[in-house]
2 protein chains.
Amino acid sequence: MATAVKTKKRRTQAERREEAEEKLIVAATELVAMKGFDGFSLAEVGDRAGYSRGLPGHYFGSKIELQNRVAEYVVNEFYVDAAKLEVREHGLKRIASLIRHYLVSSKLERVKALTFLFTHAQLEDSLKQTMTKLHNQALSVLKQEIELGIENGTIRKDVDSDLQAGIIYAFLRGQLGFAVLDPDYENVKLGEAFIQNLKKSLSAE
Amino acid sequence: MATAVKTKKRRTQAERREEAEEKLIVAATELVAMKGFDGFSLAEVGDRAGYSRGLPGHYFGSKIELQNRVAEYVVNEFYVDAAKLEVREHGLKRIASLIRHYLVSSKLERVKALTFLFTHAQLEDSLKQTMTKLHNQALSVLKQEIELGIENGTIRKDVDSDLQAGIIYAFLRGQLGFAVLDPDYENVKLGEAFIQNLKKSLSAE
DNA sequence: ACTTACTTGCTGTTCGTCAAGCAAGTATTA
DNA sequence: TAATACTTGCTTGACGAACAGCAAGTAAGT
């Protein structure tokens with residue numbers, strides 16, 4: 001009983017540090033989503049994470065460094081998310097599932113943060129690199145899937161997988177930009193219509 | 001000769017005022033494109049426009065008000081631009097020209113400013129309204145053109161003009177987002193491929 | 001003359017950064 | 001295992017720069 005009052009176990013220094021950094025980054029991500037890339041102070045980050053106002057500066061050195069960490073964090077979360085997706089089929093069908101997944105089950109807050117990070121990548125080179133990584137990752141997944149479709153005969157042989165991957169990705173990015181502005185936007189319908197278009201323009205026979 | 005030295009004519013008060021406001025808004029637009037939605041001071045705007053550091057605050061009252069004027073200005077420039085486009089054909093062909101026009105001849109600086117304004121519309125309601133205007137204008141042009149295409153028989157009758165307009169617009173927006181990050185992006189090729197896709201999925205016969 | 005366009009000086013505030021200190025955890029020695 | 005020295009995590013206080021907003025002034029136009 002007496003010891004049960006103390007809920008906190010003894011943690012190693014490394015654990016304390018890691019936990020604090022993670023909490024700070026999560027708090028900063030939320031603030032970016034809520035107030036834009038620059039619309040918050042380091043003090044707010046500390047407060048929101050349950051630490052002092054000085055900690056963010058102490059750990060990350062500067063605001064822009066923290067913002068970079070936020071970008072890496074968000075991008076990583078996207079990878080983690082995508083890795084969870086089961087793969088049942090390949091080719092057109094899987095592309096359709098991927099599109100549905102991005103449009104429907106992306107966490108709104110994360111997408112919001114992402115729009116600010118993407119836009120600001122125009123100004124900060126370090127951000128640009130991080131965002132380009134996400135970009136290339138997404139493109140290569142789509143491209144590969146198109147090529148699998150060609151192999152298994154569901155997609156025409158003369159389709160250029162690079163270009164088509166670019167088209168799909170551009171559509172998704174534009175669409176998420178609207179969804180973030182207006183949560184009632186007809187995301188699903190548009191996604192389905194786009195998938196139908198793809199079938200018409202890519203499928204074999 | 002003697003009078004030729006003085007380049008400035010005598011202007012009416014209204015002219016002075018109007019010219020100054022316009023110069024301030026143009027300067028502010030450039031700064032938004034260069035440094036982001038919030039990355040500049042009112043003093044910079046005054047300097048860049050060739051006036052005093054205090055003038056922007058004096059005329060526009062507050063920074064956010066000036067930012068709203070920038071949004072209106074950029075949106076208007078897009079209308080003006082579009083109005084200049086000659087209309088030679090209708091239906092699919094004209095949609096193709098519109099896509100080419102947006103991807104190729106949009107002034108990069110203006111598009112940059114637009115991306116910041118669009119993203120920030122999540123946070124400022126007044127901005128959101130201005131941006132929604134542009135959005136609806138673009139959608140209705142595309143929609144109308146699709147309907148004309150159905151009428152003149154180049155587009156299938158069962159095509160949903162709202163959904164297809166939404167798809168085209170989302171693609172354009174996503175694509176411009178990339179173009180702004182990387183000027184060497186294969187904008188033209190992707191645009192042409194997208195147009196080909198549209199032909200395959202929309203055209204009659 | 002007097003009204004309107006524009007400038008300059010000032011003020012309060014916000015915030016990033018730094019530095020000094022306290023607290024929690026770890027290693028060493030006996 | 002316990003006391004001591006040391007390291008690392010975290011907080012608090014202070015400073016200076018940046019900047020929006022205001023008010024009182026000067027210049028241009030009527």
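Note on naming: letters A, B, ... go to the chains in the order of the sequence lines (proteins, then strands), and numbering restarts at 1 for each one. When reading the values below, keep in mind they use all heavy atoms of this one structure, side chains included, and skip hydrogens, waters and symmetry mates.
When distances are taken from the side chain of B:Tyr51 to each of C:dC6, C:dA24, D:dT11, the shortest belongs to C:dC6. Residue A:Thr12 has its side chain nearest to C:dT26 when only C:dT8, C:dA5, C:dT26 are considered.
Nucleotide D:dA18 holds its C1' atom 16 Å from the CG atom of B:Leu31, rounded to whole Å. In this structure, the CZ atom of A:Phe60 is 11 Å from the P atom of D:dC10, given to the nearest Å. Taking atom CD of B:Glu65 as the reference point, atom P of D:dA20 lies 15 Å away to the nearest angstrom. To the nearest angstrom, P of D:dA20 lies 14 Å from CG of B:Leu55. The interatomic distance linking B:Glu18 (CD) with D:dG29 (C1') rounds to 16 Å, in whole Å. Nucleotide D:dC19 holds its P atom 12 Å from the CG atom of B:Asp47, rounded to whole Å. For the pair A:Glu21 CD and D:dG9 C1', the interatomic distance rounds to 11 Å; values are reported in whole Å.
Within the structure, side chain to side chain donor-acceptor pair (under 3.5 Å) contacts touching residues 89-98 of chain B (residues at least two apart or in different chains) are B:Glu89-B:Ser97, B:His90-B:Glu145, B:Arg94-B:Glu145. Residue pairs meeting the side chain to side chain donor-acceptor pair (under 3.5 Å) criterion with at least one partner in residues 31-46 of chain A, sequence neighbours excluded, are A:Lys35-A:Glu44, A:Asp38-A:Gln67.
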Start with the C-alpha distance between B:Gln164 and A:Asn197, add both sets of side-chain angles, then the distance that settles side chain to side chain donor-acceptor pair (under 3.5 Å), and finish with yes or no.
-> CA-CA 9 Å; B:Gln164 293 297 328; A:Asn197 280 13; 2.8 Å; yes
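Looking only at distances, no side-chain donor or acceptor of A:Glu65 sits under 3.5 Å from a matching main-chain atom of A:Ser62.
OP1 or OP2 of C:dA5 has at least one side-chain nitrogen or oxygen of B:Arg17 nearer than 4.0 Å.
Residues passing the salt bridge (charged side-chain N to carboxylate O under 4.0 Å, His left out) test with B:Asp47: none are found, sequence neighbours excluded. Qualifying salt bridge (charged side-chain N to carboxylate O under 4.0 Å, His left out) partners for A:Lys23, counting only residues two or more places apart in sequence or in other chains: A:Glu19.
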Along nucleotides 10-17 of chain C, 5' to 3', which nucleotides get a B, which get an S, and which get a -, given that the test is a protein heavy-atom distance under 4.0 Å?
-> B----SSS
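Relative orientation of the B:Phe118 and A:Phe178 rings is perpendicular, given thresholds of 30° and 60° on the angle between their planes.
Mapping B:Arg16 and B:His58 onto DNA chain D by nearest heavy atom places B:His58 closer to the 5' end of the strand.
A cation-pi arrangement is present between A:Lys63 and A:Phe40, with the terminal nitrogen or guanidinium carbon under 6.0 Å from the aromatic centre and inside a 45° cone about the axis.
Within the helix from C:dA1-D:dT30 to C:dA30-D:dT1, the inter-axis angle between the opening and closing five-pair segments is 10°, rounded to 10°.
Open room surrounds NZ on A:Lys133; 12 or fewer heavy atoms of other groups in view lie less than 6.0 Å from it.
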